[in-house]
Number of protein chains: 2
Amino acid sequence: MNDAKPRPATLDDVAREAGVSLATASRSLNGSNRKVAESYRQKVLQAAERLRYTPNLPAQAVARGGSATVSLLVSDIADPYFSSIAAGVARSAGQANLIMTMGMTDRRPEREVQLVRALRGQRPQVIIIAGSRVLDADETPALIEELSAYEEAGGHAVFIGRHDLPFRSVSIDNRGGSKRLAVALADIGYRRFALVMGPSALLTVRDREEGFLEGLTERGINLDPRLLLRRDFTRDGGAHAARELIAGPIQDVDMIFAASDVMAVGAMAELRAGGVRVPDHVGVAGFDDIPNLRDITPSLSTVHLPLEEIGQRAVQLAFAPTDAITSPPPVTADVVLRDSTPGRR
Amino acid sequence: MNDAKPRPATLDDVAREAGVSLATASRSLNGSNRKVAESYRQKVLQAAERLRYTPNLPAQAVARGGSATVSLLVSDIADPYFSSIAAGVARSAGQANLIMTMGMTDRRPEREVQLVRALRGQRPQVIIIAGSRVLDADETPALIEELSAYEEAGGHAVFIGRHDLPFRSVSIDNRGGSKRLAVALADIGYRRFALVMGPSALLTVRDREEGFLEGLTERGINLDPRLLLRRDFTRDGGAHAARELIAGPIQDVDMIFAASDVMAVGAMAELRAGGVRVPDHVGVAGFDDIPNLRDITPSLSTVHLPLEEIGQRAVQLAFAPTDAITSPPPVTADVVLRDSTPGRR
DNA sequence: GTGATGTGGGAAAGGGCTTTCCGCGAGCCC
DNA sequence: GGGCTCGCGGAAAGCCCTTTCCCACATCAC
């Protein structure tokens, strides 16, 4: 028995193997501001290679007082909206040589606070919160306090699409985007709108809804309040709303705007099942421009969001100098009209 | 200036605040096997609350010799296949009170080895590798060595859908699933097949392809080799293949099997653009049963994979006792026939 | 009353790394 | 040529925990 306790090689091992001190080994392997003679450096690098040394990241984190990590909090990573953002974050993190850790809240606000605590324990460089969180949740003060403590300790908290909290945020022009969409739809002839929205406690939903209504108003169109439906902010929520429309006032509608592509797709499926033809009987539009949904039929009019870029921006924003962060321009949200809204005349 | 160096509260602070020793504080907060008098425990818990103490996870990791973490390696988190698996992993990890860290390889094998090294540095409990990796890549030996070292040091490596390596693995019945699909399609009358596959170096692709061919053979059907197309294992790969079919032998085809739903969707979009009607002119089937793609029209026949469950199983498998791991049963892969393959007679 | 047994707090030794600080030899100036 | 700075290796302190080990004290049995 030679290896009673198999354990990864430590920096000590490397130093011994190379015949140098611990300090020199450390300096050689991660380049400090102190120079190391090339001959020593080579010896260390070779020893490390020979021993298949991997630095113990937690140990580095504890010695440096922070870990090379960015933490991302999402509602549901299986949702394409979040997975696209996550891809952007992962990519940027990789470039900055950071590892990404992820928490999933399952859309429960109390999980969110818990997870922030847990993630904070990692002492990450950055915490990015991408859940479209609930406005006025009981947990909000706790969350704010948790994040403030985190920032005081030197971390950076960044929200995505949540400009109402005292933290940096990548703001998304939800409001402007859906306003422009409303105007565009009105301009190609739609008049009788129905809105399929999520819970109004979600800021994202609220912004998209208000923006759309603004756009309608601007074109002199009123929304019948009965035609503002509110369901879960999911595919099934969209389907339920559509079922309700079919059962009742679908005759009075020539255009359905859903708060997200995912909801729009659910609604379209239900409309089809109910014999309502899209876009002949009614047009449908969504929001987000989810890449994987681009191939549905008829192709969905929507507002394009550069989701990956949003993830990347969040990471950049975290490292931006403090004075540059006051008001980063919002991410563009461009209207894309496709086959689901050919227009009415 | 009272707080020259704002830093999170440490366990020392808590102990001092509570008037007990460091040891007692530690024992109170994470319950060791040593008992702590309730009165002391309470004092500690309250002090911790007062100071908003969060344990420094890296420090715990270094003291305990491993971090409460599971690492997941995926090709592309924006791909719904991987994001669904990730959701399962995240969920299971959360239940086990572990934090999930993620690496994205962008489908580059050399990134994979790099990332395994980096993730290994975290000293996670588990490393899950979900990329459908390249067979016989030059990097495979390095990867194996890296993971072996990791396991020797006490970690658990788990592959998803990669049963050819000397590690635990959640195996997916790709072969059986596509064989059954082929048989089912033959049984409803399809005879002239085209296969839209990804690179044959991907084990997943190879299994699906061979399984399908087996099924065809079983029904006495031969595949014209010209009708086996190989493109990128992506949406655009599917589209390219479809374009090629349209340009040539589409007349000889009544059924297109794509190696994944994503490819199938790309192909369908291209067929539609080229004026080939699905399913009237040609049927289309995919593989995976991606939830977000269930609403496309016509609804896609496919082989259902319980992706979230696969993620969960991977975590469970990592913690399973060693003797239970030799051959966990493969995940089921059930054929689901929908509107894209109504049958021929 | 005395020794055996147990209980649980606290001091201290890690655990793997970074970084400060010390000291020594080499090069420099006048 | 003597006093200096400068460059760079190495010893050691420190980061924040966990866990072992010691010990004081209480309980109990006979």
Side-chain angles (χ1 to χ4, degrees), chain A residues 5-45 47-48 51-69 118 120-124 153-154, chain B residues 5-45 47-48 51-69 118 120-124 153-154:
Chain A
K5 185 210 289 176
R7 51 164 188 69
T10 75
L11 190 56
D12 254 319
D13 300 335
V14 174
R16 203 166 323 116
E17 171 90 7
V20 302
S21 80
L22 196 54
T24 303
S26 169
R27 292 196 268 251
S28 305
L29 285 174
N30 65 17
S32 76
N33 40 17
R34 283 270 308 260
K35 229 170 287 178
V36 172
E38 188 56 23
S39 65
Y40 281 76
R41 227 177 66 86
Q42 283 306 328
K43 277 198 284 187
V44 172
L45 294 186
L51 299 179
R52 320 211 117 268
Y53 171 72
T54 323
N56 183 319
L57 263 32
Q60 288 195 162
V62 79
R64 292 189 183 148
S67 66
T69 291
R120 181 150 89 82
Q122 292 246 39
R123 306 289 187 265
Chain B
K5 185 210 288 177
R7 49 162 190 69
T10 75
L11 190 56
D12 252 318
D13 300 335
V14 174
R16 203 168 320 117
E17 171 90 7
V20 302
S21 78
L22 196 54
T24 303
S26 169
R27 292 197 268 252
S28 305
L29 285 174
N30 64 18
S32 75
N33 42 15
R34 282 272 308 262
K35 231 170 283 179
V36 172
E38 189 56 23
S39 67
Y40 280 74
R41 228 177 64 87
Q42 284 306 327
K43 276 198 285 186
V44 172
L45 293 185
L51 299 180
R52 319 213 118 268
Y53 171 72
T54 322
N56 183 319
L57 264 31
Q60 288 194 163
V62 77
R64 291 188 182 147
S67 67
T69 291
R120 182 150 89 83
Q122 293 247 38
R123 305 291 186 264

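Residue numbers begin at 1 in each chain, while the letters A, B, ... track the order of the sequences.
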Inset, instruction - For A/L29 and C/dT18, give me the distance from atom CG to atom C1', rounded to whole Å. - result: 12 Å
Inset, instruction - Let me know the distance between CG of B/L11 and P of D/dC17, rounded to the nearest Å. - result: 5 Å
Legend entry - Out of D/dT18, C/dG10, D/dG14, whichever nucleotide has its closest atom nearest the side chain of A/A63: D/dG14
Legend entry - A/S28: partners by side-chain hydrogen bond (donor to acceptor under 3.5 Å, both in side chains), with sequence neighbours left out: none
Legend entry - Non-neighbouring partners of A/A48 that pass side-chain contact (heavy atoms from CB on, under 4.5 Å), sequence neighbours left out: A/V14, A/L29, A/Y53
Just the table, please: protein N/O against nucleotides 25-27 of chain D N/O, every pair under 3.5 Å.
none

Pick out the pairs of N or O atoms, protein on one side and nucleotides 7-9 of chain D on the other, that lie under 3.5 Å.
unit_1: D/dG9; atom_1: OP1; unit_2: A/A37; atom_2: N; d: 2.7
unit_1: D/dG9; atom_1: OP2; unit_2: A/K35; atom_2: O; d: 3.4
unit_1: D/dG9; atom_1: N7; unit_2: A/R34; atom_2: NH2; d: 2.4
unit_1: D/dG9; atom_1: O6; unit_2: A/R34; atom_2: NH1; d: 3.1
unit_1: D/dG9; atom_1: O6; unit_2: A/R34; atom_2: NH2; d: 2.9

Inset, instruction - Could you check how far CZ of A/R64 sits from P of C/dG16, rounded to whole Å? - result: 17 Å
Legend entry - Contacts of A/S26 that satisfy side-chain contact (heavy atoms from CB on, under 4.5 Å) - sequence neighbours left out: A/L11, A/N30
Which pairs would a plain distance check flag for residues 54-61 of chain A, meaning a side-chain donor or acceptor within less than 3.5 Å of a matching protein atom at least two apart in sequence or in another chain?
unit_1: A/T54; atom_1: OG1; unit_2: B/R120; atom_2: NH2; d: 3.3
unit_1: A/N56; atom_1: OD1; unit_2: A/A59; atom_2: N; d: 3.0

Legend entry - Residues in contact with DNA chain C, drawn from residues 53-60 of chain B - heavy-atom cutoff 4.0 Å: B/A59
Legend entry - Gap between atom OG1 of B/T10 and atom CG of B/L22 - 0.5 Å precision: 8.0 Å
Legend entry - Whole-Å gap separating P (D/dC16) and CG (B/D13): 8 Å
Legend entry - Partners meeting side-chain contact (heavy atoms from CB on, under 4.5 Å) with A/A118 (sequence neighbours left out): B/I99
Inset, instruction - Could you check whether A/T10 gets within reach of a base, just the sugar-phosphate, or nothing at all, counting any heavy atom under 4.0 Å? - result: sugar-phosphate
Legend entry - side-chain hydrogen bond (donor to acceptor under 3.5 Å, both in side chains) involving A/R52 - partner list, sequence neighbours excluded: B/E145
Inset, instruction - Mind listing the closest non-hydrogen atom pair of B/S67 and B/Q122 along with its distance? - result: OG-O, 2.9 Å
Inset, instruction - Return each pair, listed once, that meets salt bridge (charged side-chain N to carboxylate O under 4.0 Å, His left out) where at least one residue sits in residues 19-40 of chain A; pairs must be two or more places apart or across chains. - result: A/E38-A/R41
Inset, instruction - Using five base pairs at each end, measure the axis-to-axis angle across the helix from C/dG1-D/dC30 to C/dC30-D/dG1 and round it to 10 degrees. - result: 40°
Legend entry - Value in whole Å for how far the P atom of C/dG15 lies from CG of A/D12: 10 Å
Inset, instruction - List in chain and number order the residues that pass salt bridge (charged side-chain N to carboxylate O under 4.0 Å, His left out) with A/D13, two or more places apart in sequence or in another chain; answer none if no residue qualifies. - result: A/R7, A/R16
Legend entry - Distance in angstrom units between B/Q122 CD and C/dG16 C1', rounded: 15 Å
